[in-house]
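This report refers to the structure that appears directly beneath it.
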Amino acid sequence: ETGVTQTPRHLVMGMTNKKSLKCEQHLGHNAMYWYKQSAKKPLELMFVYSLEERVENNSVPSRFSPECPNSSHLFLHLHTLQPEDSALYLCASSPAAVDGGKLFFGSGTQLSVL
Amino acid sequence: GENVEQHPSTLSVQEGDSAVIKCTYSDSASNYFPWYKQELGKGPQLIIDIRSNVGEKKDQRIAVTLNKTAKHFSLHITETQPEDSAVYFCAASRGTGGFKTIFGAGTRLFVKA
């Protein structure tokens, strides 16, 4: 157990659906992240939250909408996705965003968009 | 933009042999270099890291070396075991003062029994 829990583990959705990914960390960290992992590509940083404030948005399409209601929870709301959005979505946390080197990852949500 | 190159993409070794994975980075301001191991069905897990004021660090069977002048760093696994089979990612970040971690594309290591 890494202390970062993601649900669901697997998700299949159509292009017109709306779904949400959930992440919860039990480590007392102040920063949380969403990463996208596609086959044979480096991890792509999507969003960073520090103390519930979004501090980074890496040119992510608006069909991905993050939400951080408190420092322990992070959501990724999905709507009108495309098949190329199919990937493993990883949540991570770190003690603080200014020391983002040590990342603690969840097991990810494997997303398939049909 | 800044990037991290990682080689090889796939590595197959016999149990008991050593494995070496190499990375180069472009951002000269990088000062923190973690290595992550990702097993099937799990997220990446930090296995060892090194800061720029150190040239080498060892933890049991794994070691990392850093050459800041050449912007190279490497992971060395000795006496490999089947449970070392996984995908390994190198990364570089500015650590304190910056939160962007740039990852390599990963190396899939197979350890044959």
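This is a predicted model, so every value here is computed, not measured. Here is the naming used below: chain letters follow the sequence lines, and residue numbers restart at 1 for every chain.
- Counting heavy-atom pairs closer than 4.5 Å to chain B, the top-ranked of the candidates A/Gln110, A/Gln37, A/Glu44, A/Lys41 is A/Gln37.
- Taking a 6.0 Å sphere around CD of B/Gln60, one finds it holds 12 or fewer heavy atoms contributed by other residues, nucleotides or ligands.
- Counting non-hydrogen atoms of neighbouring residues, nucleotides and ligands closer than 6.0 angstrom, the NZ atom of B/Lys71 exceeds 12 such neighbours.
- Around CD of B/Glu79, the count of heavy atoms belonging to other residues, nucleotides or ligands within 6.0 Å does not exceed 12.
- The contact between B/Phe89 and chain A is made entirely by side chain atoms (from C-beta outward), counting heavy-atom distances below 4.5 Å.
- To the nearest 0.5 Å, atoms CZ (B/Phe103) and OH (A/Tyr35) are separated by 4.5 Å.
- Counted within 6.0 Å of CG on B/Leu40, heavy atoms from surrounding residues, nucleotides or ligands total 12 or fewer; the atom is thus considered open.
- Here B/Ile102 contributes atom CD1 and A/Leu45 contributes atom CG; the two are 8.0 Å apart, rounded to the nearest 0.5 Å.
- Taking CG of A/Leu103 as the start and OH of B/Tyr36 as the end, the distance is 4.0 Å to the nearest 0.5 Å.
- Contact record, B/Gly41 with A/Ser107: O-CB, 3.9 Å, taken as the closest heavy-atom pair.
- Cluster membership check: A/Phe75 does not share its hydrophobic cluster with A/Leu111, using side-chain heavy-atom separations under 4.5 Å among Ile, Leu, Val, Met, Phe, Trp and Tyr.
- Considering NZ of A/Lys102 and CG of B/Leu46, their distance stands at 6.5 Å, rounded to 0.5 Å.
- Distance check, rounded to the nearest 0.5 Å: NZ of B/Lys42 to CG of A/Leu90 gives 14.0 Å.
- Neither the backbone nor the side chain of B/Gln6 comes within contact range of chain A; no heavy atom of the residue lies under 4.5 Å from a heavy atom of that chain.
- B/Gln38 has its side chain within reach of A/Leu88: a pair of non-hydrogen atoms, C-beta onward, lies under 4.5 Å apart.
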